[in-house]
Amino acid sequence: MSADTNNSVHAYDVFNGDADGICALHQLRLAEPRQAKLITGAKRDIDLLGRFESQAGDLLTVLDISLDSNIAALRQHLAGGADITYFDHHAATQAFTHERLHLHCDMAANVCSSLLVNQHLNGKHWKWAVVAAYGDNLPEVAHAIASQAGLDALQCSQLQELGILLNYNAYGESVDDLHFHPAVLYGAIHAYVDPFDFVNNAVPFSVLRDAYASDMAAMQGVRAYKQSELSAIYVLPTQAWARRVSGILANQLTQEQCGKSFAVLTAKPDGSYVVSVRSGDVDNCPANQFCSAFVSGGGRRGAGGINNLPASEVDGFIETFIGYFEKMEKPQFSLP
């Protein structure tokens with residue numbers, strides 16, 4: 001999806017619709033204002049560079065979407081003469097050098113795109129980087145930055161809640177599942193230099209807080225379908241609330257059970273599944289390596305996903321998941 005901010009614009013801001021993508025763009029545009037066409041969507045809408053055409057001289061800023069997943073479109077934009085600035089922490093094994101490609105990429109497990117932007121801006125709007133880190137399931141990193149800057153426990157808690165809510169809003173089968181289109185949410189956020197002002201005054205924050213509480217209440221009855229000491233698999237139903245909380249559940253589980261790996265399968269209306277994976281051992285069992293073995297899979301070391309897992313492949317997925325994250329072979333079993 002896209003939203004025009006200027007009908008004659010020759011600049012494009014392309015960003016993931018989650019907390020990291022929104023906060024990365026917000027930091028940049030606070031420091032470097034620019035009228036641009038916004039290209040974004042739900043969290044798993046990552047093939048964003050292929051959704052528009054650019055011309056020679058156009059300025060593209062790309063934030064928090066995998067280079068590998070956009071490699072063909074990236075090359076096409078460059079071949080057409082566009083100038084591209086790219087910040088990301090997802091898979092970039094096909095990265096290359098080009099005189100008009102300004103790539104800021106770090107695939108380390110403790111990095112997100114907003115932290116890369118924060119580094120680029122020398123910490124000018126660091127609070128939003130903290131919000132993004134909390135939302136991107138990097139609470140230790142976020143807390144370290146916030147504490148070093150002098151924020152107290154209550155302030156850290158407020159930024160953490162904001163990050164989680166921004167991330168929560170991005171999950172869904174499409175933008176129709178979301179409470180706010182990410183372009184609209186970004187616009188609301190961009191009116192605030194300080195995230196605490198957004199928390200205290202912005203209507204979207206209150207809306208997301210109430211919606212999150214409602215969806216989390218619906219999730220309380222969810223139990224693991226299969227689990228062991230090192231891994232667990234959850235299966236969620238074909239409902240909008242389940243699609244919205246799938247990633248939040250995966251993140252919550254990793255915080256509550258450190259060192260354990262998780263897969264959350266959420267049923268889609270067509271009978272297939274969308275999958276969120278979190279690795280409890282990012283050094284030896286990176287999530288992106290596992291997910292990339294499946295069509296429509298990818299991610300980063302700590303967190304990955306599969307956009308479309310056919311029902312016929314679920315048994316194989318479960319067996320492979322257990323074998324990969326537990327380093328052993330397990331018997332195959334089927335979903336009830």
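These numbers come from the heavy atoms of this one structure, side chains and all, not from hydrogens, waters or symmetry mates. For clarity, every value in this text was computed on a predicted model and none was experimentally measured.
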Test side chain to side chain contact (heavy atoms under 4.5 Å, CB included) applied to Gln255 and Glu140, step by step: CA-CA 10 Å; Gln255 294 302 314; Glu140 295 84 1; 4.0 Å; yes
Asn201 side-chain N/O to Asp197 backbone N/O, donor-acceptor pair under 3.5 Å: yes
Euclidean distance, Leu230 CG relative to Ile322 CD1, rounded to 0.5 Å: 11.0 Å
Contact check, side chains of Phe96 and Arg75, non-hydrogen atoms, under 4.5 Å: yes
Considering all heavy atoms, the nearest Phe15-Ala183 contact: CZ-CA, 4.4 Å
Asp281 side chain to Ser279 side chain, donor-acceptor N/O pair below 3.5 angstrom: no
Centroid-centroid distance, Phe87 to His120, less than 6.0 Å: yes
Expected output: side-chain Asp58 to main-chain Ala11 donor-acceptor under 3.5 Å: no
Beyond-backbone contact of Asn288 with His90, side-chain heavy atoms, under 4.5 angstrom: no
Cationic N near anionic O, under 4.0 Å, Asp136 to Arg300: yes
Side-chain heavy atoms of Leu159 within contact of Phe196, under 4.5 Å: yes
Heavy-atom side-chain contact between Gln239 and Thr266 under 4.5 Å: no
Arg278 and Leu253: CA distance, side-chain angles, deciding distance, side chain to side chain contact (heavy atoms under 4.5 Å, CB included) verdict: CA-CA 9 Å; Arg278 300 294 183 269; Leu253 290 168; over 6 Å; no
Option from Phe290, Tyr273, Tyr324 for which ring pair (Phe, Tyr, Trp, His ring centres under 6.0 Å) with Phe317 holds: Phe290
Minimum side-chain heavy-atom gap Asn70-Tyr86 below 4.5 Å: yes
Charged N-O contact under 4.0 Å between Lys37 and Asp13: no
Side chains of Phe180 and Leu166 in contact at under 4.5 Å (non-hydrogen atoms): no
Backbone N/O of Asp106 and side chain of His89: donor-acceptor pair under 3.5 Å: no
Nearest non-hydrogen partners of Val275 and Leu265, listed with the distance: CG2-CG, 4.0 Å
Working for side chain to side chain contact (heavy atoms under 4.5 Å, CB included), residues Gln27 and Leu121: CA-CA 8 Å; Gln27 290 177 82; Leu121 298 176; 3.9 Å; yes
Residues Asp177 and Arg244 bridged, charged N to O under 4.0 Å: no
Shared hydrophobic cluster, Val111 / Val282 (ILVMFWY, side-chain heavy atoms < 4.5 Å): no
Whether Phe325 and Phe321 hold their rings parallel, tilted or perpendicular, with breakpoints at 30° and 60°: tilted
Arg29 to Tyr186 six-membered ring, cation-pi geometry met (6.0 Å, 45°): no
Mutual orientation of the aromatic rings belonging to Tyr168 and His179 [parallel < 30°, tilted 30-60°, perpendicular > 60°]: tilted
Donor-acceptor pair between Ser113 and Asp64 side chains, under 3.5 angstrom: yes
Test item: Lys268 side-chain N/O and Asn307 main-chain N/O as donor-acceptor pair under 3.5 Å: yes
Distance-only donor-acceptor check, side chains Arg44 and Ser276, under 3.5 Å: yes
Pair Thr85-His102, side-chain donor/acceptor within less than 3.5 Å: no
Least distance between heavy atoms, Asn251 atom then Gly135 atom: ND2-O, 4.2 Å
Met219 versus Trp241, closest heavy-atom pair with distance: CA-CZ3, 3.7 Å
Heavy-atom donor-acceptor pair, Ser69 side chain to Ser66 backbone, under 3.5 Å: no
Distance-only donor-acceptor check, side chains Ser296 and Asn308, under 3.5 Å: no
Closest non-hydrogen atom pair, Ala149 against Trp126: CB-CH2, 3.3 Å
Gln155 (side chain) donor-acceptor with Asp152 (main chain) under 3.5 angstrom: yes
Residues Ser114 and Asp20: side-chain donor-acceptor under 3.5 angstrom: yes
Rounded distance (nearest 0.5 Å) linking atom CG of Leu165 with atom CZ of Phe198: 9.0 Å
N/O donor-acceptor pair under 3.5 Å between Lys226 side chain and Tyr234 backbone: no
Test side chain to side chain contact (heavy atoms under 4.5 Å, CB included) applied to Tyr134 and Ile164, step by step: CA-CA 7 Å; Tyr134 275 127; Ile164 290 172; 5.6 Å; no
Donor-acceptor side-chain pairing of Asn137 and Thr254 below 3.5 angstrom: yes
Ring center gap for His26 and Tyr192 short of 6.0 angstrom: no
Heavy-atom side-chain contact between Lys43 and Asn16 under 4.5 Å: yes
Over all atoms of both residues, closest heavy-atom pair of Ile22 and Leu185: CD1-CD2, 4.0 Å
Salt-bridge criterion met for Asp83 and Arg100 (N-O under 4.0 Å): no
Side chains of Arg34 and Thr61 in contact at under 4.5 Å (non-hydrogen atoms): yes
Other residues, nucleotides, ligands: >12 heavy atoms within 6.0 Å of Gln252 CD: yes
Main-chain N/O of Cys285 paired to Gln289 side chain as donor or acceptor, under 3.5 Å: no
